[in-house]
J.: 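Encoded as structure tokens, here's the structure I'll be asking about.
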Amino acid sequence: MPRITIPPGIEGLVELVELPDPAWADRWERIIVPGDQKDRLRNYLVFSLKHRAKLNQVALPLHGLVILAGPPGTGKTTLAAGLANRAALDLGSPVLFVDINPHAFPSQLLGESQRSVARLFERTLPDLARRALPTVVLLDEVEALAVSRTGASLETNPVDVHRATDAVLAGVDHVARTCPNVTFVATTNHKAGVDGAFLSRADLIEEVGFPGAEAVRIILADSLRELTGRDLDEAAVAALAVDCTTAQLDARQVRKLVLRAVCERLELAQDPTRTTVADVTAALRSSRDRLEPSV
Ligand SMILES: Nc1ncnc2c1ncn2[C@@H]1O[C@H](COP(=O)(O)OP(=O)(O)OP(=O)(O)O)[C@@H](O)[C@H]1O
Ligand SMILES: [Mg+2]
């Protein structure tokens with residue numbers, strides 16, 4: 001599917017793309033989270049994109065908002081994009097994917113942030129929604145946008161931040177009311193920093209955690225296969241997976257560990273297809289003391 005050119009002068013838009021795109025399938029398939037969690041996300045998005053317009057908002061207050069919350073490197077951003085692609089396949093019709101950069105509204109002074117946030121929700125998104133496609137809007141790292149009004153002191157959380165957060169809440173409500181074809185997928189690795197009223201609007205909150213041993217095993221095998229083009233000793237991969245969970249590696253760190261093994265030896269850098277599970281195990285051992293513990 002062709003990437004859509006973003007019209008000039010639209011603030012905070014990172015990407016506008018029509019899905020499905022076969023190149024995006026990996027963002028769903030290769031992110032390993034518990035199967036029931038993937039099923040819930042998939043079912044929710046299909047339901048929301050397909051039926052929200054028909055439902056009475058008092059009887060079933062569907063806001064069209066799902067939140068993926070969890071520590072860094074657990075796959076939230078990738079999964080959010082993969083989910084939109086999956087939904088386009090499930091619906092059997094194109095889905096418009098809109099990626100918003102919450103960090104594009106940094107100036108919380110003089111009401112500037114409040115105004116640009118209002119513009120995003122009252123003009124930009126409704127304009128995009130008028131293309132009449134089921135639309136998924138990614139609010140990545142939403143803690144930057146819907147800052148908790150109770151979470152910080154008045155000094156670090158001045159009145160303009162409150163107003164910007166109010167504008168986000170009003171904006172989400174506005175889109176929920178006027179654009180039933182839009183569903184938001186928000187991510188955060190700092191749920192405590194997200195405003196309570198924003199969290200309360202979510203139809204579904206999925207907590208994405210560190211991968212367990214079985215998930216790590218699949219991720220390691222996947223990264224090693226990518227690098228070497230072959231399957232490696234399954235028992236050794238399973239044992240290494242257990243060591244990775246003991247070391248509390250997040251999923252991103254697990255994949256980086258395979259890279260680290262390559263960085264340890266020039267011959268592997270020259271020919272990475274020679275990488276073995278033993279090399280990755282050695283990389284874990286050498287990095288164990290140096291890796292920052294994940295939070
Ligand atoms: N659950 C997972 N399964 C497989 N690979 C993963 C998983 N989580 C992360 N990865 C790997 O790490 C990469 C980065 O993940 P991603 O950026 O989606 O994480 P994130 O949760 O959004 O992190 P952050 O909170 O730092 O933004 C992915 O592209 C993938 O290679
Ligand atoms: Mg992310």
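Atoms within each ligand, like the ligands themselves, are counted from 1 in listed order.
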J.: Of the protein's non-hydrogen atoms, which lies at the shortest distance from atom 27 (O) of ligand 1, and what is that distance?
T.: Glu141 OE2, 3.6 Å

J.: Sort out for me which residue in Arg42, Lys191, Arg40 forms a salt bridge (charged side-chain N to carboxylate O under 4.0 Å, His left out) with Glu206.
T.: Arg40

J.: Is there a side-chain contact between Leu138 and Val98 (heavy atoms, below 4.5 Å)?
T.: no

J.: Would you call Asp173-Arg201 a salt bridge at under 4.0 Å N-O?
T.: yes

J.: Which of the listed options, Glu29, Glu226, Arg30, holds the heavy atom that is closest to atom 4 (C) of ligand 1?
T.: Arg30

J.: Keeping Ser48 on the side-chain end and Tyr44 on the backbone end, is there a donor-acceptor pair under 3.5 Å?
T.: no

J.: Can a salt bridge be assigned to the pair Asp140 and Lys76 using a cut-off of 4.0 Å between side-chain N and carboxylate O?
T.: no

J.: Below 4.0 angstrom from a heavy atom of Ile219, which ligand 1 atoms are there? Numbered from 1 as shown, please.
T.: 3 (N), 4 (C)

J.: Identify the closest protein heavy atom to atom 22 (O) of ligand 1: which residue and atom is it, and at what distance?
T.: Thr77 OG1, 2.8 Å

J.: Classify the angle between the aromatic ring planes of Phe184 and Phe121 as parallel (below 30°), tilted (30 to 60°) or perpendicular (above 60°).
T.: tilted

J.: Note the single closest protein heavy atom to atom 14 (C) of ligand 1, along with its residue, its atom name and the distance in Å.
T.: Arg252 NE, 3.6 Å

J.: Among all the protein's non-hydrogen atoms, which is closest to atom 30 (C) of ligand 1, and how far away is it?
T.: Arg255 NE, 3.7 Å

J.: Heavy-atom distance to atom 28 (C) of ligand 1: which of Leu79, Thr78, Asp140 wins?
T.: Thr78

J.: Could you check atom 1 (N) of ligand 1 against the protein and tell me its nearest heavy-atom contact, residue, atom and distance included?
T.: Ile32 O, 3.0 Å

J.: Answer yes or no as to whether an N/O/S atom of Thr77 is found below 2.8 Å from the Mg ion (ligand 2).
T.: yes

J.: Quick one: look up the protein heavy atom nearest atom 2 (C) of ligand 1 and list residue, atom name and how far away it is.
T.: Ala251 CB, 3.4 Å

J.: For atom 21 (O) of ligand 1, grab the closest protein heavy atom and report residue, atom and distance to one decimal in Å.
T.: Lys76 NZ, 2.6 Å

J.: Answer yes when Arg285 and Asp243 have at least one side-chain N-carboxylate O distance shorter than 4.0 Å, and no when they do not.
T.: no

J.: Do Arg27 and Thr78 have a side chain donor and acceptor closer than 3.5 Å?
T.: no

J.: Tell me whether Glu234 at atom CD has more than 12 heavy atoms from other residues, nucleotides or ligands lying less than 6.0 Å away.
T.: no

J.: Check whether any side-chain N or O of Arg230 sits under 3.5 Å from a backbone N or O of Leu224 as a donor-acceptor pair, and report yes or no.
T.: no

J.: Has Ile31 got any heavy atom lying under 4.0 angstrom from an atom of ligand 1?
T.: yes

J.: What is the nearest protein non-hydrogen atom to atom 23 (O) of ligand 1, stated with its residue, atom name and distance?
T.: Gly73 N, 2.9 Å

J.: Pull out every atom of ligand 1 sitting under 4.0 Å from any heavy atom of Asn189, numbered as shown with elements.
T.: 24 (P), 25 (O), 26 (O)

J.: Can you find an N or O of Gly75 that's nearer than 3.5 Å to an N or O of ligand 1?
T.: yes

